[in-house]
There are 2 protein chains.
Amino acid sequence: MIDKKEMKRRGRPRAFDRDVALDQAQALFHAHGYDGVGVAALADAMGVNAPSLYSAFGSKAALFDEVLGRYSDRATLADGLSVPGVDRAEALTGMLRAAAILYATDPTAAGCMVLEGARGADADAAQCARARKATSVAAIANWLRPTHPEQADVVADYTAALMSGMSADARAGAPVERLTAVADMGGLAIAAMLGRN
Amino acid sequence: MIDKKEMKRRGRPRAFDRDVALDQAQALFHAHGYDGVGVAALADAMGVNAPSLYSAFGSKAALFDEVLGRYSDRATLADGLSVPGVDRAEALTGMLRAAAILYATDPTAAGCMVLEGARGADADAAQCARARKATSVAAIANWLRPTHPEQADVVADYTAALMSGMSADARAGAPVERLTAVADMGGLAIAAMLGRN
DNA sequence: GGATTTTTATAGTGATCGATAAAAAAGAAA
DNA sequence: TTTCTTTTTTATCGATCACTATAAAAATCC
């Protein structure tokens, strides 16, 4: 009984698909950033009137947070890290390479929405994005700690910083090759820091 | 006859110091970003009315560009690179360290104004900042090319990307030690890439 | 068929955005 | 003093910002 479609609630039924609307919102946020898109454009792209948007999502910042949540949950960047017994340095370098390709492939969704959102001018939205970024950085550090307790935090911070810079380059229109080259070079520091365990 | 104070121009004299006004504008832009500060706040901080601001600087974007120009010209980050015959890897790592300290020292001017401006939502302002960023990256690449023609471009891109990520962390309130640790680790990749020449 | 509940659409809220029109004010040039 | 030039001030401009009051529409419950 979790499905809201099954349990017919009273009152007028919603005329739009919440997930589809979130997809449209995600596309707009990713293309133009939180500060670069207004609620009017969002509502228009979502095929919804402003009052319905606010009734369904609460506020622009809340909508952004929900979009970020889906974006994080669906991200496959860190999948390579979950392989048991994988070499830490190799896996992290692979993630950097995957990020480079992901960031630069789709020009309408360049860069990382979380890392870019963390730099916005809006305080609320930036705080949401920074919290999610911190969670991801902590996850990487925890993933490193068993094998490299001493270097875990620095390597995690470093990886996030490099990805943030790569995201900025991708949004500026840098070609994939430049980003992958940077990612590979970034892997050198990770290998040097972690050794070949 | 370059000094405008000496050659008394006709008409009512300007009631404010252009350089002082630019300093105030720089402080506001650096503290809140281009998108985070409006012309009303700028004019107020500069001690000037809006029409005077537009008469003296043209537009908000033009004012930002002029501020960025002063900011770049006064930057001392790349000073260590101009020492003749300095070790390339050592000098670049030193620049990363200097950036880490510079970015995190003053909480009211965290991060790099150029790198942050390159990510703004305003297209004009972002283009200005990206052009200046590209100039700096090209300067680093040209500085590397004589000794490391093959690695010059990648190392320059990498250095800028890491600095961009460090700038974001600084704006999020990361302490200096975390930034310097990331900078030092970033130097490992530079050393590995350039060797010990 | 009513009563209730929820979402819809219309229209508009005050605030702020970047930028300006118009005229008074302050100086130099004649 | 008169004329001319430039900057000052005051009072906006229309557009957009995030957001909402109000009421009609569409469903279920009784």
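Note that the structure is predicted; figures quoted are calculated from it, not measured. In what follows, every chain begins at residue 1, and chains take the letters A, B, ... in the order their sequences are listed.
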*Asks:* Does anything in residues 40-50 of chain A form a salt bridge (Lys or Arg N to Asp or Glu O under 4.0 Å)? List the pairs, not counting sequence neighbours.
*Replies:* none

*Asks:* Taking only residues two or more places apart in sequence or in another chain, which ones pass side chain to side chain contact (heavy atoms under 4.5 Å, CB included) with B:Asp35?
*Replies:* A:Ala121, B:Ala121, B:Asp122

*Asks:* Please list all pairs meeting salt bridge (Lys or Arg N to Asp or Glu O under 4.0 Å) that have one or both residues in residues 138-152 of chain A, counting only residues at least two apart or in different chains.
*Replies:* A:Arg145-A:Asp153

*Asks:* So, the side chain of B:His148 versus the backbone of B:Leu194: is there a donor-acceptor pair under 3.5 Å, distance only?
*Replies:* yes

*Asks:* What residues, two or more places apart in sequence or in another chain, satisfy side chain to side chain contact (heavy atoms under 4.5 Å, CB included) together with B:Ala109?
*Replies:* B:His30, B:Asp106

*Asks:* Where along residues 22-42 of chain B does a heavy atom fall under 4.0 Å from DNA chain D?
*Replies:* none

*Asks:* Which hydrophobic side chains are connected to A:Val137, either touching it within the sub-4.5 Å cutoff or through other members that do?
*Replies:* none

*Asks:* Can you sort out the partners of A:Asp23 under side chain to side chain contact (heavy atoms under 4.5 Å, CB included), two or more places apart, ordered by chain and number?
*Replies:* A:Arg70, A:Arg74

*Asks:* For nucleotides 23-27 of chain D, give me every protein contact, N/O to N/O, under 3.5 Å, one pair per line with atom names.
*Replies:*
unit_1	atom_1	unit_2	atom_2	d
D:dA25	N3	A:Arg12	NH1	3.3

*Asks:* List the residues meeting ring-ring contact (aromatic ring centres under 6.0 Å, His included) with B:Phe64, not counting sequence neighbours, and say none if there are none.
*Replies:* B:Phe29, B:Tyr34

*Asks:* Side chains of residues 91-101 of chain B: which donor-acceptor partners sit under 3.5 Å, not counting sequence neighbours?
*Replies:*
unit_1	atom_1	unit_2	atom_2	d
B:Thr93	OG1	B:Ala89	O	2.9
B:Arg97	NH1	B:Asp184	OD1	3.0
B:Arg97	NH1	B:Asp184	OD2	2.5

*Asks:* Which side-chain N or O atoms in residues 155-164 of chain A pair as donor and acceptor under 3.5 Å with protein atoms at least two apart or in another chain?
*Replies:*
unit_1	atom_1	unit_2	atom_2	d
A:Asp157	OD1	B:Arg178	NH2	2.6
A:Asp157	OD2	B:Arg178	NE	2.8
A:Asp157	OD2	B:Arg178	NH2	3.2
A:Tyr158	OH	A:Gly186	O	3.0
A:Tyr158	OH	B:Tyr158	OH	2.7
A:Thr159	OG1	A:Val155	O	2.7
A:Ser164	OG	A:Arg119	NH1	3.4
A:Ser164	OG	B:Arg119	NH1	3.3

*Asks:* Taking atom P of C:dT16 as reference, at what distance in whole Å does atom CG of B:Asp44 sit?
*Replies:* 13 Å

*Asks:* Mind listing the residues from residues 50-63 of chain B sitting with a heavy atom below 4.0 Å of DNA chain D? Number order is fine.
*Replies:* B:Pro51, B:Ser52, B:Ser55

